[in-house]
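Any value given below was found using the heavy atoms of this structure, including those in side chains, with hydrogens, waters and symmetry copies removed. Being a predicted model, the structure only gives us computed values, none of them experimental.
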Amino acid sequence: QVQLVESGGGLVQAGGSLRLSCAASGRSFSSRAMGWFRQAPGKEREFVAAIKWSGGNTYYADSVKGRFAISGDNAKNTVYLQMNSLKPEDTAVYYCAATTSYYYYRGTDYDYWGQGTQVTVSS
């Protein structure tokens, strides 16, 4: 079984920063892309960012563009999400995911999911 483990979540004041990490491991693990999703209280799960291992192309939701940055270490199967200028509306459980497909935007495109890490932004 493939295992994804997120870390780095916590409580931060508005305007602050957090860096999330997601490490993937497992038998014959391989993916084309990894991404981050989030689910806020009372809202649906939404796409945040993704990175493709081949070429390193990155993709962002409009709501986080310019504030968040995704990066990865292919050799370590680890992806990071640097979150700056955090807002209370960023409060959510953040999930990392891995996909073997060529698509990245929809949750149904992903094959494996982590357990989630809580990010709380206070005002």
Side-chain angles (χ1 to χ4, degrees):
Q1 294 281 82
V2 172
Q3 184 178 24
L4 305 179
V5 180
E6 303 101 330
S7 62
L11 175 65
V12 66
Q13 197 163 336
S17 299
L18 284 174
R19 190 191 192 206
L20 306 183
S21 299
C22 176
S25 63
R27 177 184 173 186
S28 300
F29 177 78
S30 181
S31 67
R32 298 183 188 275
M34 293 184 68
W36 291 94
F37 291 76
R38 67 186 183 187
Q39 186 168 17
K43 300 185 68 176
E44 301 294 319
R45 181 181 63 183
E46 64 175 336
F47 170 79
V48 177
I51 182 169
K52 291 188 175 182
W53 293 121
S54 180
N57 295 334
T58 59
Y59 310 88
Y60 298 94
D62 289 341
S63 60
V64 306
K65 192 173 297 183
R67 299 189 297 120
F68 291 10
I70 188 171
S71 61
D73 185 331
N74 197 356
K76 297 181 179 179
N77 287 312
T78 300
V79 67
Y80 308 93
L81 185 68
Q82 179 67 46
M83 304 184 294
N84 300 320
S85 301
L86 283 162
K87 306 174 181 179
E89 50 262 46
D90 294 317
T91 295
V93 176
Y94 283 71
Y95 300 90
C96 72
T99 178
T100 57
S101 78
Y102 290 103
Y103 307 101
Y104 62 89
Y105 186 79
R106 300 185 64 83
T108 51
D109 296 326
Y110 289 80
D111 305 296
Y112 305 102
W113 294 84
Q115 81 287 348
T117 185
Q118 177 70 46
V119 172
T120 302
V121 184
S122 63
S123 60

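Between Ala14 and Ser123, the closest heavy-atom pair is CB-CA, 4.4 Å. Considering every non-hydrogen atom in both Arg45 and Gly107, the closest pair reads NH2-CA, 3.7 Å. Ile51 approaches Gly72 most closely through the heavy-atom pair CD1-N, 3.9 Å.
Side chain of Glu6 to backbone of Gly116: a donor-acceptor contact under 3.5 angstrom is found. Of the possible donor and acceptor atoms, one in the side chain of Tyr60 sits under 3.5 Å from a partner among the backbone N and O of Ile70.
Scanning for side chain to side chain contact (heavy atoms under 4.5 Å, CB included) contacts around Gln118 gives Thr91, Val93, Thr120, with sequence neighbours left out. In this structure Gln39 satisfies the side-chain hydrogen bond (donor to acceptor under 3.5 Å, both in side chains) test with no other residue, sequence neighbours excluded. Every residue meeting the side-chain hydrogen bond (donor to acceptor under 3.5 Å, both in side chains) condition with Arg32, not counting sequence neighbours, appears here in chain and number order: Tyr102. Under the side chain to side chain contact (heavy atoms under 4.5 Å, CB included) criterion, Ser21 pairs with Ser7, Tyr80, sequence neighbours left out. Qualifying side chain to side chain contact (heavy atoms under 4.5 Å, CB included) partners for Val119, counting only residues two or more places apart in sequence or in other chains: Leu18, Leu20, Met83, Tyr94, Val121. Contacts of Tyr105 classified as ring pair (Phe, Tyr, Trp, His ring centres under 6.0 Å), with partners at least two apart in sequence or in another chain: Phe47. A search for side-chain hydrogen bond (donor to acceptor under 3.5 Å, both in side chains) contacts involving Thr78 returns nothing, not counting sequence neighbours. Applying the salt bridge (Lys or Arg N to Asp or Glu O under 4.0 Å) rule to Lys65 yields the partners Asp62; only residues at least two apart in sequence or on another chain are considered. Legend: residues meeting side chain to side chain contact (heavy atoms under 4.5 Å, CB included) with Asn57, ordered by chain and number and at least two apart, are Tyr59. Not counting sequence neighbours, the partners of Asp90 by the side-chain hydrogen bond (donor to acceptor under 3.5 Å, both in side chains) test are Arg38, Arg67.
In this structure, Val79 and Trp36 have side chains that are in contact, with non-hydrogen atoms separated by less than 4.5 Å. Counting only heavy atoms from C-beta outward, the side chains of Val2 and Trp113 never approach each other to under 4.5 Å.
Across Phe37, Tyr103, Tyr104, Tyr95, a single residue satisfies ring-ring contact (aromatic ring centres under 6.0 Å, His included) together with Tyr110, and that is Phe37.
Linking ILVMFWY residues whenever their side-chain heavy atoms come closer than 4.5 Å, directly or via other members, places Val12 and Phe68 in the same cluster. Both Val64 and Met34 are part of a single hydrophobic cluster, where members link through side-chain heavy atoms under 4.5 Å apart. Following chains of ILVMFWY side-chain contacts shorter than 4.5 Å, one can reach Leu86 starting from Val48, so the two form part of one hydrophobic cluster.
The disulfide (SG to SG under 2.5 Å) contacts involving residues 70-123 comprise Cys22-Cys96, where partners must be two or more places apart or lie in separate chains. Sorted pairs that involve residues 98-122 and meet salt bridge (charged side-chain N to carboxylate O under 4.0 Å, His left out), not counting sequence neighbours, are lacking altogether.
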